[in-house]
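Please read all numbers here as calculations on a predicted model, not as lab measurements.
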Amino acid sequence: MSSCLLHCINWITRTVSVVKLTSCEPFWLRKNGLPNTYPPIDEDQNVDILVVGAGVTGAMIAQRLAEDGFSLVVVDRRDICTGSTAASTALLQYEIDLTMLKIAQIIGHENAQRAYTVSHQSIDRLTALVDRLKIQCEFERKTSLYLATDRKAAKLLADEARARKAIKLDVQYHNQTEVSDRFRITGVAALSSKQAASCDPYLLAHGLLKNAVKNGAKIFDRTEIADFRCDETGVTFSTSRGPKIVARQAVIATGYESQSLLKERVVNLDNTYALVSQPLPNLGSWDRDWMLWEAKNPYLYLRITGENRLLVGGEDDAFHSPLRRDANVASKAAIIETKVRKFLPDLNWEMEFAWGGTFGTTKDGLAYVGPTTEYPSCLFALGFGGNGITFSSIATDIISKMVKGQTAANADLFRFAR
């Protein structure tokens with residue numbers, strides 16, 4: 001295959017219109033500042049693996065590959081973790097954007113079952129990873145509640161519960177009375193699961209990168225890729241600062257910006273909006289170990305942070321431009337606030353921060369991970385979807401196997417050109 005060359009104008013200019021992935025500085029940045037800082041690149045590098053993108057996906061992959069013993073460089077065009085990771089609300093669930101039964105209509109029942117099973121397992125893997133590395137990121141196991149507010153949705157949830165139980169996934173179906181008595185909220189039905197968690201995604205990513213450095217990785221931020229060449233022998237990336245990076249393989253973990261590199265249309269961009277309250281001395285009837293999302297589109301989702309703040313998101317709309325998204329933050333936050341006050345009338349709270357972010361959806365709700373025919377010696381790890389951190393864990397397992405030349409279980413579910 002002939003080598004490929006992408007010039008700066010293609011990589012940077014085409015992504016500028018969507019590169020501002022957050023607005024109104026997300027809460028995690030205000031809360032944590034810069035836990036660790038990294039320099040821009042200042043000399044040529046020759047390594048086994050180059051990871052492009054240092055959000056939570058790139059960080060998780062870098063940590064694994066550095067621990068595996070590969071020589072490694074990580075670059076990011078921004079300050080570390082200040083892209084989509086900083087805007088994430090970090091509801092870690094095994095549920096995918098589409099229900100298992102809906103995905104089965106697209107990719108078949110067996111594949112849908114495998115997708116949900118590997119996602120279910122990823123929650124335990126994330127828990128074990130954070131515990132083993134002792135990352136302080138407010139990681140907590142939670143009970144996830146998937147709420148139906150009409151009878152049609154309730155019927156679909158009942159069917160979904162039976163399908164999940166048939167393959168031994170953690171799920172319980174609750175009728176209207178149980179929803180009211182147990183969770184003290186209004187709804188027609190709900191699914192609950194203890195296979196869920198939450199965290200501070202910004203601190204999680206920083207903790208993973210810190211461990212990667214401990215194992216020999218080099219990390220450079222504020223370093224843009226000007227152009228790159230790739231063929232079957234490896235990749236050469238030139239940076240806008242001058243130094244080059246030569247690697248045997250590259251892992252592209254630039255998230256939603258990656259679509260501009262690909263001929264295949266893999267993601268549709270949307271906006272989501274979020275807000276966080278001041279710390280709450282009293283949660284009323286709500287339990288801090290619960291987190292909720294609605295069985296509707298767009299859906300409201302909420303959880304409690306480690307500081308007992310109410311964190312809420314929703315009111316998704318189609319992405320048009322960062323300016324339009326940013327202009328909508330105040331009005332969208334007001335709509336979300338009104339919904340939450342109606343939903344949890346006994347909770348006394350005040351909104352403290354609000355922001356908007358860009359996220360991506362795919363036709364089958366699944367991420368894209370692995371090689372493409374366009375870029376030899378490159379692997380992509382694109383954790384699209386509402387549960388991107390869960391997909392980051394799955395992508396890490398797949399990429400770790402692929403860079404070793406091994407067969408990665410379930411990689412076919414997330415392949416390109418599927």
Side-chain angles (χ1 to χ4, degrees), residues 14-15 18 21 53 55-58 60-61 83-85 87-120 122 146 160 251-272 293 295-299 301 313-314 316-320 325 357-375 378-399 402 408 410-418:
R14 284 194 294 164
T15 62
V18 298
L21 297 175
V56 69
T57 303
M60 203 173 295
I61 290 169
S84 296
T85 294
S88 171
T89 48
L91 281 76
L92 312 181
Q93 301 161 301
Y94 78 82
E95 288 92 349
I96 299 168
D97 282 345
L98 302 178
T99 64
M100 189 171 72
L101 291 178
K102 182 65 175 178
I103 293 177
Q105 296 174 9
I106 303 171
I107 65 174
H109 285 283
E110 181 181 350
N111 287 338
Q113 289 173 348
R114 284 198 293 137
Y116 257 75
T117 298
V118 71
S119 187
H120 189 277
S122 71
Y146 188 30
E160 180 74 8
V251 179
I252 312 300
T254 51
Y256 311 127
E257 295 170 313
S258 301
Q259 180 60 77
S260 65
L261 299 175
L262 300 166
K263 293 178 181 178
E264 181 183 357
R265 185 72 183 177
V266 297
V267 65
N268 294 314
L269 296 183
D270 295 296
N271 301 315
T272 192
W293 57 308
K296 61 168 60 173
N297 190 23
Y299 56 82
Y301 49 97
D316 303 347
D317 56 25
F319 179 87
H320 295 288
R325 180 200 59 211
T358 299
F359 74 103
T361 58
T362 62
K363 59 187 178 184
D364 53 13
L366 301 179
Y368 280 83
V369 182
T372 74
T373 57
E374 294 182 67
Y375 303 110
C378 293
L379 300 171
F380 284 75
L382 309 179
F384 300 141
N387 54 351
I389 296 176
T390 305
F391 282 145
S392 297
S393 176
I394 295 170
T396 296
D397 290 337
I398 293 173
I399 295 295
M402 287 183 169
N410 300 306
D412 59 304
L413 295 173
F414 307 99
R415 71 185 186 281
F416 286 83
R418 61 178 184 256

Test salt bridge (charged side-chain N to carboxylate O under 4.0 Å, His left out) applied to Arg415 - qualifying residues, sequence neighbours left out: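 With sequence neighbours excluded, Arg415 shows a salt bridge (charged side-chain N to carboxylate O under 4.0 Å, His left out) to no residue whatsoever.
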Any donor-acceptor pair under 3.5 Å from Gln259 side chain to Glu264 backbone: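 Judged by distance alone, yes, a pair lies under 3.5 Å.
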Donor-acceptor under 3.5 Å (Ser88 side chain, Thr85 main chain): no
Is there side-chain contact between [X] and [Y], with at least one heavy-atom pair below 4.5 Å?
X	Y	value
Asp364	Arg418	yes
Phe391	Phe414	yes
Ile399	Val369	yes
Asn387	Ile96	yes
Arg325	Thr358	yes
Asn111	Leu413	yes
Ile107	Leu366	yes
Leu262	Leu382	yes

For [X], check side-chain contact (heavy atoms from CB on, under 4.5 Å) against everything at least two apart and list the hits.
X	result
Asp317	Asn271, Tyr273, Asn328, Lys332
Ala318	Asp270, His320
Pro371	Leu379, Met402

List the atom pairs, donor and acceptor, that lie under 3.5 Å between side-chain atoms in residues 97-104 and the rest of the protein, sequence neighbours left out.
unit_1	atom_1	unit_2	atom_2	d
Asp97	OD1	Gly386	N	3.0
Asp97	OD2	Gly386	N	3.0
Thr99	OG1	Lys102	N	3.1

Gap between atom [atom2] of [Y] and atom [atom1] of [X] - 0.5 Å precision:
X	Y	atom1	atom2	value
His120	Gln93	NE2	CD	12.5 Å
Met60	Ile389	CE	CD1	7.0 Å
Asn268	Phe319	CG	CZ	12.5 Å

If every non-hydrogen atom of [X] is compared with every non-hydrogen atom of [Y], which pair is closest and at what distance?
X	Y	result
Thr272	Gly314	OG1-O, 3.8 Å
Ser122	Ser119	OG-O, 2.6 Å
Ala367	Gly383	CB-CA, 4.0 Å

Sequence-distant partners of Gln113, side-chain hydrogen bond (donor to acceptor under 3.5 Å, both in side chains), two or more places apart: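 Expected list: none.
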Which residues share a side-chain hydrogen bond (donor to acceptor under 3.5 Å, both in side chains) with Asp412, sequence neighbours left out: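 Only Arg114 meet the side-chain hydrogen bond (donor to acceptor under 3.5 Å, both in side chains) criterion with Asp412.
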Taking ring pair (Phe, Tyr, Trp, His ring centres under 6.0 Å) as the definition, give me every residue that meets it alongside [X], ordered by chain and number, with sequence neighbours left out.
X	result
Tyr299	Trp293, Tyr301
Tyr368	Phe416
Phe359	none

CA sep, side-chain torsions, deciding dist, call: Tyr375, Leu261, side-chain contact (heavy atoms from CB on, under 4.5 Å): CA-CA 10 Å; Tyr375 303 110; Leu261 299 175; 4.0 Å; yes
Pairs satisfying side-chain hydrogen bond (donor to acceptor under 3.5 Å, both in side chains), at least one member in residues 388-397, at least two apart: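 Counting only pairs at least two positions apart or across chains, the side-chain hydrogen bond (donor to acceptor under 3.5 Å, both in side chains) contacts touching residues 388-397 are Thr57-Ser392, Arg64-Asp397, Arg125-Asp397.
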